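Have a look at the structure below, then the notes.
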Amino acid sequence: MSDQGKVSPARRRGLADEVADRIREAIFSGAYSPGAQLREVELSSVMDVSRGPVREALRVLEREGLVHCAWHRGTTVTTLSAEDVAELDSLRGALEDLAVQQVIARASDEDLASIAKAAEVMERVADTHEMVRLDIAFHDTVFAAAGHQRLADAWEGIRCQVHLFLLTRINLSTEGYLGCIPHEHRELVTALRSRDTDTALQLFAAHRRHAVDVVTGTIGPN
């Protein structure tokens, strides 16, 4: 069999990717909240594209966990259940614990400086959605500094869902949010720079737990 017969022709998916990027950005900016309906006809009209790329983009976002498609309800932005939160939190915790251990054992001073810089930019933020972006970017930097490609790939697999989880958190309560998040990340940076594994693991766990408590109702909404 020739090589030509072994594989299917490649398809260019640039337009669908761009549409997915724009819808994802709209979700992350708060334009579409969890549970919001995403209608192909409206999206194709707003973005001036045919329904095909929109349909393909929504499939991409479904694989990322950002939207849910059901034949009787259409496509909606994912609403996280208590089970979703528990699973996401336990998986994120396992990945992040390994990342912290790797960073403390292997990260260079330059890597730690990059993590510190990612925390510093939070000090000047006055918008909750932007703070969520910077929170995710901080953790991106931690996983990058771990020097473990498969771990980074695993984080990438849940990254959008963690972003959605944090959006759910600020939709429930923003009380003290803009003040506490920079403080928490300064503490994380200090522990990493001290290469204090036990303290770092405890602080990262506490950082995750605070958000989970808000979402699960241990801390009520405003």
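Here the structure is a predicted model, which means the values were calculated and not measured.
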With a 3.5 Å distance limit and no angle check, can you tell me whether D111 reaches the backbone of S108 through a side-chain donor-acceptor pair? yes
Over all atoms of both residues, closest heavy-atom pair of G65 and T78: O-OG1, 3.0 Å
In short, A191 meets L203 closest at the heavy-atom pair CB-CD1, 3.9 Å
Basic-acidic side-chain contact under 4.0 Å: R150, D153: no
Go through the structure and list residues passing side chain to side chain contact (heavy atoms under 4.5 Å, CB included) with R51, not counting sequence neighbours. E40, V41, S44, R55
Taking only residues at least two apart or on different chains, which pairs with a member in residues 87-105 satisfy salt bridge (Lys or Arg N to Asp or Glu O under 4.0 Å)? D89-R209, R92-E96, E96-R208, D97-R208
Strictly by ring pair (Phe, Tyr, Trp, His ring centres under 6.0 Å), give each pair with a member in residues 27-62 just once, sequence neighbours left out. F28-H163
To the nearest 0.5 Å, what is the distance between CG on L58 and CZ on R63? 11.0 Å
Atom pair CG/CZ of L43 and R22 - distance to nearest 0.5 Å: 10.0 Å
Would you say the side-chain atoms of N171 and T168 include a donor-acceptor pair closer than 3.5 Å? no
Minimum side-chain heavy-atom gap I115-V103 below 4.5 Å: yes
Return each pair, listed once, that meets salt bridge (Lys or Arg N to Asp or Glu O under 4.0 Å) where at least one residue sits in residues 127-149; pairs must be two or more places apart or across chains. E25-R133, E130-R133, D140-R159
Would you indicate whether the side-chain heavy atoms of V121 and F138 approach each other to under 4.5 Å? no
Out of curiosity, Q37 CD to T75 OG1, how far, rounded to the nearest 0.5 Å? 7.5 Å
Contacts of F143 that satisfy ring pair (Phe, Tyr, Trp, His ring centres under 6.0 Å) - sequence neighbours left out: W155
Only pairs at least two apart or in different chains count here, so list each ring pair (Phe, Tyr, Trp, His ring centres under 6.0 Å) that has a residue in residues 103-135. none
pair R195-L112: side-chain heavy atoms closer than 4.5 Å: yes
Any idea which heavy atoms bring V77 and L38 closest together, and the distance? CG2-CD1, 4.0 Å
Heavy-atom check, side chain of P34 versus side chain of L80, under 4.5 Å: no
Spatial distance of atom CD (E184) from atom CZ (R186) [nearest 0.5 Å]: 10.5 Å
Return yes if some donor-acceptor pair links the side-chain N/O of T174 with the main-chain N/O of I170 below 3.5 Å, else return no. no
Would you mind reporting whether Q161 and E64 have side-chain heavy atoms less than 4.5 Å apart? no
Side chain proximity check, V67 to I27, heavy atoms < 4.5 angstrom: yes
More than 12 heavy atoms of other groups within 6.0 Å of H207 NE2: yes
May I have the step-by-step check of side chain to side chain contact (heavy atoms under 4.5 Å, CB included) for H185 and E123, ending in yes or no? CA-CA 10 Å; H185 286 83; E123 304 287 346; over 6 Å; no
Check whether any side-chain heavy atom of L192 lies under 4.5 Å from a side-chain heavy atom of I104, and answer yes or no. yes
Between CZ of R169 and CG of D213, what distance do you get to the nearest 0.5 Å? 10.0 Å
Report the distance from atom CG of L88 to atom CD1 of I158, rounding to the nearest 0.5 Å. 5.5 Å
Taking every heavy atom of P182 against every heavy atom of M131, the minimum-distance pair comes out as CG-CE, 3.8 Å
Closest heavy-atom pair, T79 versus G35, reported as atoms and distance to 0.1 Å, is OG1-N, 3.3 Å
Mark yes or no for whether S29, through its side chain, and A26, through its backbone, hold a donor-acceptor pair below 3.5 Å. yes
Is there a donor-acceptor pair closer than 3.5 Å between any side-chain N or O of T141 and the backbone N or O of S114? no
For S81 and D84, does a side-chain donor sit closer than 3.5 Å to a side-chain acceptor? yes
Are the side chains of M47 and P53 in contact, using a 4.5 Å heavy-atom criterion? no
Closest non-hydrogen contact found for A16 with A57 is O-CB, 3.5 Å
